[in-house]
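Predicted model, so just to flag it, every value in this text is computed and none were measured. Computed over heavy atoms, backbone and side chain alike; hydrogens, waters and symmetry mates excluded. Residue numbers run from 1 in the order of the sequence given.
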Amino acid sequence: MASDDYEPVDCNVFDYVEIACMYRYPVRIFFRDGGQLDGTAADTAVEAGRGEFLVLDIDGKSERVRLDTIATLETRVAGARFSRVNITG
């Protein structure tokens with residue numbers, strides 16, 4: 001997906017991403033292309049001309065995941081404020 005094709009996510013959905021980061025939830029990401037990735041939600045980032053990102057901590061390293069590539073975000077801890085949210089179509 002080219003950077004000029006970025007599709008912003010709904011603000012209500014973005015709130016869930018921020019909650020996951022605030023509590024540093026371990027998460028599993030299900031990508032639109034069928035892939036998966038596990039990590040700890042650490043932060044969000046916005047890069048001009050590139051889009052919005054979820055920053056994951058994966059084994060002590062930061063990895064940015066563009067939000068419009070994520071289909072579903074799932075928390076992997078009991079008692080989380082939410083268990084699963086659909087990010088994009």
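Considering CG of D10 and CG of L67, their distance stands at 12.0 Å, rounded to 0.5 Å. For the atom pair N86 CG and T72 OG1, the distance stands at 4.0 Å (nearest 0.5 Å).
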After noting the C-alpha distance and the side-chain angles of L37 and I58, does the key distance pass the side-chain contact (heavy atoms from CB on, under 4.5 Å) rule?
CA-CA 9 Å; L37 182 64; I58 302 173; 3.8 Å; yes

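Residues V17 and V9 fail the side-chain proximity criterion, which asks for heavy atoms closer than 4.5 Å. Using a 4.5 Å heavy-atom threshold, the side chains of Y6 and E52 count as touching. The side-chain heavy atoms of R28 and Q36, taken from C-beta on, include a pair separated by under 4.5 Å. Contact of the D38 side chain with the P26 side chain is not registered, since no non-hydrogen atoms from C-beta on lie closer than 4.5 Å.
Hydrophobic clustering keeps F53 apart from L56 (ILVMFWY residues linked when any side-chain heavy atoms are closer than 4.5 Å, directly or through intermediates).
The two residues E18 and T44 come nearest to each other via the heavy atoms CG-CG2, 4.2 Å. Heavy atoms only, all atoms of each residue included: C21 and L54 are closest at SG-CD1, 3.5 Å. Among all heavy-atom pairs drawn from F82 and I19, the shortest one is CE2-CG2, 4.1 Å. Closest heavy-atom contact between A80 and T75: CB-OG1, 3.6 Å. Residues I70 and T88 approach most closely at O-OG1, 2.5 Å, considering heavy atoms.
Crowding of R81 atom CZ: a count of heavy atoms from other residues, nucleotides or ligands under 6.0 Å not exceeding 12. More than 12 heavy-atom neighbours from other residues, nucleotides or ligands sit within 6.0 angstrom of OH on Y25.
Comment: K61 does not engage D59 in a salt bridge, judged by the lack of any side-chain N to carboxylate O separation of less than 4.0 angstrom.
Both tests pass for R84 against the ring of F30: distance under 6.0 Å to the centre and angle within 45° of the axis.
Side-chain atoms of D43 never come within 3.5 Å of backbone atoms of V55 as a donor-acceptor pair (strictly under, hydrogens ignored). Side-chain atoms of R32 come within 3.5 Å of backbone N or O of D68 as a donor-acceptor pair.
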